[in-house]
Amino acid sequence: MLEQRVLLTLKNKRACLNVWKLRSLWRSSVRCFCSEKDDDKIPAAGQYRSTWKILKEEFKGIKEGNLNSMQSEIPRETDFLVIGGGIIGSAIAYWLKQKNPKGFSLTVVERDPVYTRASSMLSAGGIRHQFSIPENVQLSMFTTEFLRNIKEHLSVLDEDPPDVQFNHQGYLFLSRPEEAESTMRRVKMQRELGAKIELLTKKRLSQKFPWLNLEGIECGSYGLEGEGWFDPWSLVRAFKQKNISLGVEYVKGEVIGFDFREMNGIYEGKPTTRKELQSAIIKDEKNKRKELSVALPVEPRKRYVYVVHCPNGPGLEAPFTVNHNNVYFRREGFGGYYICGVCPERNEEPDISSLDVDYDFFHEKVWPSLASRVPAFEQLKMRSGWAGFYEYNTVDQNLVFGQHPYHKNFFFANGLSGHGVQQAAAIGRAMMEYVLDGDFKTIDLSRFSFDRFLYDETIIEESVV
Ligand SMILES: Cc1cc2nc3c(=O)[nH]c(=O)nc-3n(C[C@H](O)[C@H](O)[C@H](O)COP(=O)(O)OP(=O)(O)OC[C@H]3O[C@@H](n4cnc5c(N)ncnc54)[C@H](O)[C@@H]3O)c2cc1C
C-alpha cells in the first residue's frame with residue numbers, strides 16, 4: 001500500500017468516466033494497490049475482430065517500442081489522475097496535458113492495458129452531425145475538424161503521422177411520414193450550426209440510392225460532409241502515443257474506491273464540516289473490492305454488432321444507413337462485408353455478465369428489417385459478430401459532464417450511451433477548459449451537468465442509434 005499525494009481523475013464503473021482533481025496544495029493522499037490482474041482471464045469480446053488478438057499485437061508493439069505504454073509503478077504524486085484510458089480518458093488527458101506539458105503531472109489509471117472490453121475498441125466507429133440536441137451536433141462537428149487536423153494535434157516526432165482511416169460516406173437517416181416533421185426540424189437546426197445535411201425527398205432518395213426499398217419512407221436526411229466512420233482503435237492509439245510523448249503516465253490498476261477527509265469551514269456564517277475527496281483506492285487482486293459511493297444513472301448495456309457478407313449489396317458510396325426503426329448498417333472494408341445492428345427494446349436488454357453474442361437477435365430483429373429496406377440483403381450470409389457495452393445513461397441517454405454536486409474536486413465525463421467515440425475529442429477539450437479555465441470557452445456543456453438529475457431535468461436526444 002502506498003500513501004500518495006495526488007490530483008486525480010477517475011472512471012468508477014465499467015461504463016463511466018469520473019474525473020477527480022485533488023489540488024496538491026491541499027495535501028491530499030491516495031492509497032494505491034498495484035493491480036496484478038491476469039488479463040488472460042478477461043473473456044474476449046467477439047470473434048470477428050479478434051479484438052483480443054489485434055490488441056495483443058498492438059500491445060506487443062507498444063511494449064517493444066514506441067509507445068512505452070504501461071508503467072507498473074503507480075507514481076507517488078500526480079496533479080491529475082484520469083481513471084480509464086479509453087477514448088474519453090485519453091482525450092481528456094491529451095487536452096489537459098497539451099495545454100501545459102511541463103506545468104503539471106497527469107496519470108491515467110487503466111485496469112486493462114490491452115482494452116479487451118473497452119467500448120471504444122468495440123464500437124462501430126460512426127461519426128455523424130445528425131443529432132437533435134445542438135450541443136451534440138457541435139461536439140461531433142468539432143471531432144470532424146479535429147480529425148481533419150489530426151496530424152497537427154497528435155503527430156509525434158519520429159513516428160508515422162496518425163491515420164484513423166476516415167470513410168467520408170455520410171449518414172443516412174430514413175423517416176416515415178409521421179417522423180418527417182421532426183426530421184425537418186432537426187435538419188434545420190443542424191444546418192444553422194453549420195452541418196452540411198441534405199433533406200432528401202423520397203424521389204431523390206430513390207435516385208441517389210437505388211438499392212433502397214422506400215416503402216413507408218417519406219424522406220431522408222443525409223450528411224454531405226464530415227460524417228462517416230473511422231477506426232476508433234487508431235484514434236485511441238494516437239491519443240495515447242501523443243500523451244506519452246507529452247509526459248502523461250499510463251499505469252495499470254483498477255480504481256475501486258475513494259477516501260474522504262473531513263474539512264472544517266464556515267458556510268453562511270455557520271461552522272460546517274464537509275467531506276472532501278482525498279484519495280483513490282486502486283485494486284490489487286488480493287484485496288477485496290469496495291463499492292463506490294458515487295451513484296450515477298449510468299450502467300453498462302450490451303450491444304451487438306454483426307458482420308455479414310453480401311457481394312451484391314450496396315456499393316462503396318453507401319452511407320452509414322439508419323432505418324426508421326434504428327436498424328443500421330454500414331460497409332466494412334471493400335469485400336462485400338457490412339456491419340449492422342440495433343439497440344434492443346427496453347424489455348429485451350441482454351444480460352451483461354458476459355460479452356457473448358446473441359445470433360438469434362440478428363435473425364429476429366436485425367435481418368428482417370435490413371432485408372425489407374435493402375432487398376439485396378435477403379441474400380446476405382452471417383459471418384460473425386461482437387458485443388460491447390454502451391455506457392448507458394438510464395435517465396436521458398446523454399452525456400454527464402462536469403463537477404460533482406458535492407465533491408468539488410470530482411468531475412464526470414460519461415453516460416454518452418453510444419456516441420462517445422465521435423465526441424471524445426471535443427469532450428476532452430471541454431474538460432480542459434472547465435478544469436483549467438473554470439468555464440466553457442468553446443462549446444457550452446453546462447446543460448449536461450450532474451445537477452440535472454437532482455432537479456428532474458432531462459435532455460432527451462432523439463437520435464440515439
Ligand atoms: C457496439 C457499440 C457500438 C458503438 N458505436 C459507436 C459509434 O458508432 N459511434 C460512437 O461515437 N460511439 C459508439 N459507441 C459508443 C462508444 O464506444 C463509447 O461511447 C466510448 O467508447 C466511451 O469511451 P470511454 O473511454 O468512456 O469507454 P471505454 O472505451 O470503455 O474506456 C474506459 C476504460 O476505463 C477502464 N476502466 C473502467 N473502470 C476502471 C477503473 N475502475 N479503474 C481503472 N480503469 C478502469 C476500462 O478498462 C476501459 O479501458 C459504441 C459502443 C458500442 C458498445
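Both ligands and their constituent atoms are indexed starting at 1 by order of listing.
Between the choices G341, A424, G126, the shortest heavy-atom distance to atom 9 (N) of ligand 1 belongs to G126. Within the set S123, G85, G418, S417, the minimum heavy-atom distance to atom 12 (N) of ligand 1 is found for G418. Among L122, D112, V236, the residue whose heavy atom sits closest to atom 2 (C) of ligand 1 is L122. The option with the heavy atom closest to atom 36 (N) of ligand 1, from among K252, R111, R303, is R111.
A side chain to side chain donor-acceptor pair (under 3.5 Å) check over residues 143-152, counting only residues at least two apart or in different chains, returns the pairs H129-T144.
Distances between N or O atoms of M121 and those of ligand 1 include no value under 3.5 Å. Remark: ligand 1 and V421 share an N or O pair separated by less than 3.5 Å (distance only, no angle test). For the pair G388 and ligand 1, the shortest N or O to N or O distance does not fall below 3.5 Å. For ligand 1, the polar-atom distance check against R117 finds no nitrogen or oxygen pair separated by under 3.5 Å. Considering backbone and side-chain N/O atoms, S119 comes within less than 3.5 Å of an N/O atom of ligand 1. Not one N or O of L416 is nearer than 3.5 Å to an N or O of ligand 1, by distance alone. Below 3.5 Å of separation, one finds an N or O of S120 facing an N or O of ligand 1. Between E391 and ligand 1, at least one pair of N/O atoms sits closer than 3.5 Å. Below 3.5 Å of separation, one finds no N or O of F320 facing any N or O of ligand 1.
Only one option out of W211, F362, Y338 pairs with F377 in a ring pair (Phe, Tyr, Trp, His ring centres under 6.0 Å); it is Y338.
With a heavy-atom cut-off of 4.0 Å, W386 does not touch ligand 1 at all.
For the residue pair E433 and T442, a side-chain donor N or O sits within less than 3.5 Å of a side-chain acceptor on the partner.
Side-chain contact between P344 and P350: present, with at least one pair of heavy atoms (C-beta onward) separated by less than 4.5 Å.
Remark: K365 pairs with E348 by the salt bridge (Lys or Arg N to Asp or Glu O under 4.0 Å) rule, at least two apart or across chains.
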